[in-house]
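Okay, so here's the structure we're looking at.
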Amino acid sequence: MFEPILLRRVDLPRSETIEVYLANGGYQALRQALAMSPDDLVAMVKRSKLRGRGGAGFPTGLKWSFMPRDAEHKYLAVNTDEGEPGTFKDRKLIEEDPHQVIEGAIIAAYAVGAEHAFVYIRGEFFLGVKRWNKAINDAYAHGFLGKDIMGSGFDLDMTVHRGAGAYICGEETAMLNSLEGRRGEPRIKPPYPAQVGYHQEPTLVHNVETLANVPHIVLNGDEWYRGVGTENSTGPKIFCVSGHVYRRGVYELPLGTPLSTIIHDYAGGIPGGKQLKAVIPGGASTPFVTAKNVDVPMDFESLAAIGSALGTGAIVVMDEDTCMVDVALRAARFFAHESCGKCTPCRVGGRRILDLLQRIVDGAGAPGDTERLYSLCDGIAGHTFCPMGDAMVAPIRSSLDLFADEYQRHLPGGCAAAH
Amino acid sequence: MINPGQLASTDAMERARLLTALYVAQEQYGYLTDEAVQRVAERLHMAPGKVYETATFYSMYRMQPMGRYVIQVCEGLSCHLAGGAERLLDYLVERLGISPGETTEDGLFSLVSVQCLAACDVSPAMRVNDTLYTDLTFDEVDSILDRLGGR
């Protein structure tokens with residue numbers, strides 16, 4: 001049984017308090033980090049091979065090294081805008097152990113020389129906002145934030161900024177616009193936030209889970225960290241399991257753990273003795289994995305090799321009775337609803353996909369509708385400002401590729417499984 | 001306690017407070033009335049149109065009156081697969097006598113179907129204002145509504 005690293009404290013009573021955090025090894029990594037040079041810290045995190053946990057999987061140390069050294073003002077943005085359907089790991093981390101994330105954020109800010117850390121939190125996370133604010137105030141009171149942190153001469157302020165209901169604000173440049181009090185529409189990249197971020201200043205943007213890993217790397221060393229996971233997907237990952245399983249919930253396991261192990265040994269398998277039909281391995285914007293690939297190791301490379309992606313590690317399990325056209329419809333509804341409207345392929349294309357899928361599920365589909373869907377996917381993917389276009393297309397195209405027979409059964413006539 | 005970004009202009013720093021200011025105004029006015037938008041604009045030295053443009057982008061700002069208790073039910077994929085979410089919504093529709101997007105005549109409850117509450121492990125789930133209720137049964141829904149003064 002894997003001993004949890006990131007979730008080791010969450011079952012302790014009052015795990016969210018600074019007292020419990022300090023009594024269980026908290027803020028010792030910060031003390032060690034402040035005794036190191038920022039360059040050594042960046043090198044250490046590079047050697048650890050930690051990769052971003054928010055979906056894109058970008059190497060964390062490399063991101064740190066992109067931050068200019070000489071800029072007068074630099075910022076850190078902590079992305080707590082968790083909204084990818086099927087994902088609920090960041091909520092757990094900030095509600096149950098916020099100081100772990102704060103400690104990771106302070107270390108990251110020190111490594112890149114940021115003067116202010118903005119916590120951007122999903123507006124609906126009422127408890128999370130409270131926990132963040134309390135934890136930040138306590139960290140100030142203990143001298144872990146503010147001026148001359150632990151006598152190091154390093155200053156850092158941290159503030160919480162509440163979002164107001166927009167999935168797109170999880171995209172880093174949209175989040176920066178929202179932080180500035182604007183509509184949360186993405187900016188064109190490049191320039192990347194490490195060059196031009198919050199108020200045009202260099203800004204390091206990280207997912208909550210990514211930062212939670214940082215104190216453990218500092219405390220135990222990069223060699224220890226590389227010992228967890230696979231060669232190029234190092235460290236632990238929090239998997240969120242939902243859908244057709246006995247025990248929905250979060251499971252922290254090394255990257256590279258087979259998908260089937262997570263579903264059967266941890267989540268208890270599929271209720272009713274039913275067979276598996278498909279799995280979304282990393283949130284709604286990752287292509288489906290079918291039963292024949294269910295032993296795939298859950299790491300960046302293995303999932304890419306079978307045409308899917310690790311994404312946020314949100315595993316949604318679907319049994320043999322699931323109508324995949326209905327699943328595609330629900331994914332389409334989400335993305336059409338959340339399109340920010342800035343660019344046409346996503347705004348109009350998403351709506352067209354939704355309308356087509358709705359009529360197919362309603363039994364009013366016309367011959368050629370699957371070709372129309374493919375054509376819309378081609379028109380959207382790669383043609384949008386931000387990754388939302390690709391995200392929107394992934395589950396649709398994947399369902400067309402893998403479950404063509406189910407689409408055909410809907411055309412014409414209705415779908416029995418959906419109703 | 002903090003004044004971040006000394007380099008950014010005062011106007012820009014004022015604008016950065018907009019989302020927070022809109023929450024405060026919404027709390028005071030119940031929803032973002034024309035007067036509320038106007039007052040926020042004056043306080044932050046912004047054009048009302050700019051305030052309106054931003055407010056309407058975000059789903060948590062209400063541009064029309066809502067019930068005292070806003071009930072959100074997730075209809076996302078995970079909740080749908082787990083079962084119960086649609087039945088929960090149907091039950092609320094029946095019990096409150098309103099459709100999603102509507103408010104009861106007495107102004108007590110509004111019903112909204114939403115895409116994801118990040119509660120995929122504990123569905124069926126609903127949120128009433130700031131409070132998330134999880135793993136719901138109809139009996140529990142009844143007692144919640146009764147407690148809030150429902151029928």
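Everything numeric here is computed off the predicted structure, so don't read it as measured data. Chain naming here is simple, since letters A, B, ... match the order of the sequence lines and numbering starts at 1 in each.
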Hey, could you give me the [atom1]/[atom2] distance between [X] and [Y], rounded to the nearest 0.5 Å?
X: B:Leu132; Y: A:Glu124; atom1: CG; atom2: CD; value: 11.0 Å
X: A:Phe126; Y: B:Arg127; atom1: CZ; atom2: CZ; value: 5.5 Å
X: B:Leu81; Y: A:Ile280; atom1: CG; atom2: CD1; value: 7.5 Å
X: A:Arg122; Y: B:Leu117; atom1: CZ; atom2: CG; value: 7.0 Å
X: B:Cys120; Y: A:Ile315; atom1: SG; atom2: CD1; value: 12.5 Å

Counting heavy atoms not belonging to [X], are there more than 12 under 6.0 Å from its [atom1]?
X: B:Arg39; atom1: CZ; answer: no
X: B:Arg87; atom1: CZ; answer: no
X: A:Lys342; atom1: NZ; answer: yes
X: B:Arg43; atom1: CZ; answer: no
X: B:Asp34; atom1: CG; answer: no
X: B:Tyr52; atom1: OH; answer: no

At a heavy-atom distance under 4.5 Å, which candidate from [options] has the highest pair count against chain B?
options: A:Arg333, A:Arg330, A:Glu84; value: A:Arg330
options: A:Arg182, A:His244, A:Gln200; value: A:Arg182
options: A:Ala166, A:Gly341, A:Ala164; value: A:Ala164

B:Asp135 versus chain A, the contacting section by heavy-atom distance below 4.5 Å: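 Side chain only.
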
Portion of B:Thr131 that has a non-hydrogen atom of chain A nearer than 4.5 angstrom: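 Nothing of B:Thr131, per the 4.5 Å heavy-atom cut-off to chain A.
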
If the threshold is 4.0 Å, N to carboxylate O, is there a salt bridge linking A:Arg91 and B:Asp121?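 Salt bridge present between A:Arg91 and B:Asp121.
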
Would you mind telling me which of B:Cys74, B:Ser59, B:Ala119 has the largest number of heavy-atom pairs within less than 4.5 Å of chain A?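 Winner by heavy-atom pair count: B:Ser59.
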
By a 4.5 Å heavy-atom criterion (distance strictly below it), what part of A:Cys340 contacts chain B: side chain, backbone, both, or neither?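 When you check distances to chain B, atoms from both the backbone and side chain of A:Cys340 fall under 4.5 Å.
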
Engaged part of A:Val317 at the chain B interface, taking heavy atoms whose separation is under 4.5 Å: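 Just its backbone gets close to chain B.
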
Contact check, side chains of [X] and [Y], non-hydrogen atoms, under 4.5 Å:
X: B:His80; Y: A:Val327; result: no
X: B:Phe57; Y: A:Ile168; result: yes
X: A:Tyr167; Y: B:Gln115; result: no

Minimal non-hydrogen separation, [X] against [Y], with atom names:
X: B:Leu19; Y: A:Ser178; answer: CD2-OG, 3.5 Å
X: A:Gly123; Y: B:Tyr23; answer: CA-OH, 3.9 Å
X: A:Gly181; Y: B:Arg15; answer: O-NE, 3.0 Å
X: B:Ser78; Y: A:Ser242; answer: OG-OG, 2.7 Å

Got a donor-acceptor contact below 3.5 angstrom from the B:Tyr58 side chain to the A:Gly184 backbone?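 Checked: pair present.
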
Worked check of side-chain hydrogen bond (donor to acceptor under 3.5 Å, both in side chains) between A:Arg248 and B:Ser123: CA-CA 10 Å; A:Arg248 297 173 288 168; B:Ser123 65; 2.7 Å; yes

